[in-house]
Peer 1: 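Sharing a structure here in structure tokens format.
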Amino acid sequence: MISVNDFRTGLTIEVDNGIWRVMDFQHVKPGKGAAFVRSKLRNLRTGAIQEKTFRAGEKVGKAQIDNRKMQYLYANGDQHVFMDNESYEQIELPASAIEYELKFLKENMEVAIMLYQGESLGIELPNSVELTVTETEPGIKGDTASGGTKPATLETGLTVQVPFFVNEGDKLIINTTDGSYVSRA
């Protein structure tokens, strides 16, 4: 058990028969009445986000999540196959469970699979990934003075806003938390 006063972003807890990850939290001490913790939680099974309020000092169950390093192999219809790097065991995850993460996944990429009591809940991506630009409009000389951006489609199908100097075939570093351009690789 863990006290809600010890909440931190990224913590996994068990509440209402679900496994939740703390996305955001705020300790509130009103002038009148007892203190409480307002939190934003994401269900790791369904992906639903819910705001929940706890009384200060309330205890919740801490979910023990195992992160196992695996390699993304290929897509097999609606299933995506991952292989454990140590035991060579393969597991399949449905596309619906990793819908957001698919925008950043390339074959042979290393990811961490989140396991809870043998059940795979999803994947954890690295903070940034390197992807190649497959389609973008050519930059016109003199366009860079304003610091503008243009859309670029990457090898995974993700479309991001990039500076004018980026061309087709360039390798870019993309932030996986918000899908934004970071720099050229």
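As the structure is a prediction and not an experimental result, all values here were calculated from the model.
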Peer 1: Any side-chain heavy-atom pair from Val166 and Val133 closer than 4.5 angstrom?
Peer 2: yes

Peer 1: Examine distances only and state if a side-chain atom of Lys52 and a backbone atom of Val15 form a donor-acceptor pair shorter than 3.5 Å.
Peer 2: no

Peer 1: With distance as the sole test, does Lys150 use its side chain to make a donor-acceptor pair with the main-chain N or O of Phe164 at under 3.5 Å?
Peer 2: yes

Peer 1: Any non-hydrogen side-chain atom of Leu105 less than 4.5 Å from a side-chain atom of Thr156?
Peer 2: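 Of all side-chain heavy-atom pairs linking Thr156 with Leu105, none is under 4.5 Å.
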
Peer 1: Show, in sequence, the C-alpha distance, side-chain angles and deciding distance for Met1 and Val60, and conclude whether the side chain to side chain contact (heavy atoms under 4.5 Å, CB included) test is met.
Peer 2: CA-CA 5 Å; Met1 297 297 270; Val60 294; 5.8 Å; no

Peer 1: Strictly distance-based, threshold 3.5 Å: is any side-chain N or O of Trp20 a donor or acceptor partner for the main-chain N or O of Thr12?
Peer 2: no

Peer 1: For Asp170, give me all partners under salt bridge (charged side-chain N to carboxylate O under 4.0 Å, His left out), at least two apart in sequence or on another chain.
Peer 2: Arg184

Peer 1: Does CD belonging to Glu58 count more than 12 external heavy atoms closer than 6.0 Å?
Peer 2: yes

Peer 1: Please report the closest heavy-atom contact between Ala35 and Lys29, naming both atoms and the distance.
Peer 2: CB-CG, 3.9 Å

Peer 1: Tell me, do Lys40 and Ile49 make a side-chain contact under 4.5 Å, heavy atoms counted?
Peer 2: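 Side chain of Lys40 against side chain of Ile49, heavy atoms only: contact under 4.5 Å found.
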
Peer 1: Pick out which of Asn175, Leu154, Val111, Thr176 makes a side chain to side chain contact (heavy atoms under 4.5 Å, CB included) with Phe104.
Peer 2: Thr176

Peer 1: To the nearest 0.5 Å, tell me how far Arg38 CZ sits from Phe25 CZ.
Peer 2: 13.5 Å

Peer 1: Mind checking whether Ile19 and Phe7 sit in one hydrophobic cluster, side chains of I, L, V, M, F, W, Y counted as touching below 4.5 Å?
Peer 2: no

Peer 1: Going only through I, L, V, M, F, W and Y residues with side-chain contacts under 4.5 Å, is there a path from Leu41 to Ile2?
Peer 2: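 Yes; tracing contacts between hydrophobic side chains, which count when under 4.5 Å, links both residues.
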
Peer 1: Supply the atom-to-atom distance Ile98 CD1 to Ile123 CD1, rounded to the nearest 0.5 angstrom.
Peer 2: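 Separation between the atoms: 4.5 Å.
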
Peer 1: If you compare all heavy atoms of Val160 against all heavy atoms of Gly179, which two are closest, and at what distance to 0.1 Å?
Peer 2: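 Looking at all heavy atoms of both residues, the shortest contact is CG1-O, 3.1 Å.
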
Peer 1: Strictly distance-based, threshold 3.5 Å: is any side-chain N or O of Tyr100 a donor or acceptor partner for the main-chain N or O of Thr177?
Peer 2: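 Checking the backbone N and O of Thr177 against the side chain of Tyr100, a donor-acceptor pair under 3.5 Å is found.
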
Peer 1: With no hydrogens and no angle check, just 3.5 Å: does a side-chain donor-acceptor pair link Tyr116 and Glu14?
Peer 2: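 Note: Tyr116 and Glu14 side chains meet the donor-acceptor criterion.
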
Peer 1: Of all heavy-atom pairs between Glu101 and Leu125, which one has the smallest distance, and what is that distance?
Peer 2: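 Of all heavy-atom pairs spanning Glu101 and Leu125, the closest is CG-CD1, 3.7 Å.
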
Peer 1: For Lys69, look at atom NZ and say whether over 12 heavy atoms of other residues, nucleotides or ligands are found less than 6.0 Å away.
Peer 2: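 Not buried by this count: 12 neighbours or fewer within 6.0 Å.
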
Peer 1: Please check this pair: side chain of Ser3 against backbone of Asn5, looking for a donor-acceptor N/O pair closer than 3.5 Å.
Peer 2: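 Yes.
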
Peer 1: Quick one: are Leu73 and Gln90 in side-chain contact, heavy atoms under 4.5 Å?
Peer 2: yes

Peer 1: Are Tyr72 and Ile174 linked, directly or through intermediate hydrophobic residues, by side-chain heavy-atom contacts shorter than 4.5 Å (ILVMFWY only)?
Peer 2: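 Both belong to a single hydrophobic cluster.
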
Peer 1: Indicate whether any N or O donor in one side chain lies under 3.5 Å from an N or O acceptor in the other, for Lys171 and Thr132.
Peer 2: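 Looking only at side-chain atoms, Thr132 and Lys171 do form a donor-acceptor pair, the distance falling under 3.5 Å.
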
Peer 1: Using the rule that Ile, Leu, Val, Met, Phe, Trp and Tyr join whenever any side-chain heavy atoms are under 4.5 Å apart, tell me whether Leu44 and Ile13 fall into a single cluster.
Peer 2: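 Result: no, two separate clusters.
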
Peer 1: Rounded to the nearest 0.5 Å, what's the gap from CD on Gln26 to OG1 on Thr53? Could you check?
Peer 2: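 Rounded to the nearest 0.5 Å, the CD-OG1 separation comes to 10.0 Å.
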
Peer 1: Quick check: do Asn76 and Glu92 have side-chain heavy atoms less than 4.5 Å from each other?
Peer 2: yes

Peer 1: Taking the six-membered ring for Trp, are Phe82 and His80 ring centroids under 6.0 Å apart?
Peer 2: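 Centroid separation for Phe82 and His80: 6.0 Å or greater.
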
Peer 1: Minimum heavy-atom separation for Thr159 and Pro151, please, with both atom names.
Peer 2: CG2-CB, 4.1 Å

Peer 1: Which pair of heavy atoms, one from Thr136 and one from Asn167, lies closest together, and at what distance?
Peer 2: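 The answer is CG2-C, 3.9 Å.
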
Peer 1: How many angstroms lie between CZ in Arg8 and CG in Asp6, if you round to the nearest 0.5 Å?
Peer 2: 8.0 Å

Peer 1: Which residue pairs pass the salt bridge (Lys or Arg N to Asp or Glu O under 4.0 Å) test with at least one member in residues 77-88, sequence neighbours excluded?
Peer 2: Arg68-Asp84

Peer 1: Would you mind reporting whether Ile113 and Ile91 have side-chain heavy atoms less than 4.5 Å apart?
Peer 2: yes

Peer 1: Would Leu102 and Leu172 show up in the same hydrophobic cluster when neighbours are defined by side-chain heavy atoms closer than 4.5 Å?
Peer 2: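 Yes; Leu172 is reachable from Leu102 via cluster members.
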
Peer 1: Whether the Thr153 and Glu135 side chains hold a donor-acceptor pair (N or O, under 3.5 Å, no angle test) is what I'd like checked.
Peer 2: no

Peer 1: Looking only at heavy atoms, which two atoms of Tyr181 and Gln161 are closest? And how far apart?
Peer 2: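 Taking Tyr181 first and Gln161 second, the nearest heavy atoms are CB-O, 3.5 Å.
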
Peer 1: For a side chain to side chain contact (heavy atoms under 4.5 Å, CB included) check, start with the C-alpha distance between Asn85 and Glu110, then their side-chain angles and the critical distance, and finish with the verdict.
Peer 2: CA-CA 9 Å; Asn85 294 341; Glu110 292 256 330; 2.7 Å; yes

Peer 1: Take atom CD in Glu155; do more than 12 heavy atoms of anything else shown fall under 6.0 Å from it?
Peer 2: yes

Peer 1: Using a 3.5 Å distance criterion without hydrogens, assess whether the side chain of Asn43 forms a donor-acceptor pair with backbone atoms of Arg45.
Peer 2: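 Answer holds: yes.
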
Peer 1: Supply the atom-to-atom distance Ile65 CD1 to Leu121 CG, rounded to the nearest 0.5 angstrom.
Peer 2: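 One finds 5.0 Å between CD1 of Ile65 and CG of Leu121.
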
Peer 1: Considering residues, nucleotides and ligands other than Asn127, do more than 12 of their heavy atoms fall under 6.0 Å from its CG?
Peer 2: no

Peer 1: Within the structure provided, determine whether Ser120 and Met114 are in side-chain contact (heavy-atom separation under 4.5 Å).
Peer 2: no

Peer 1: Atom OG in Ser39, atom CZ in Arg21: separation rounded to 0.5 Å?
Peer 2: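 The OG atom of Ser39 sits 14.5 Å away from the CZ atom of Arg21.
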
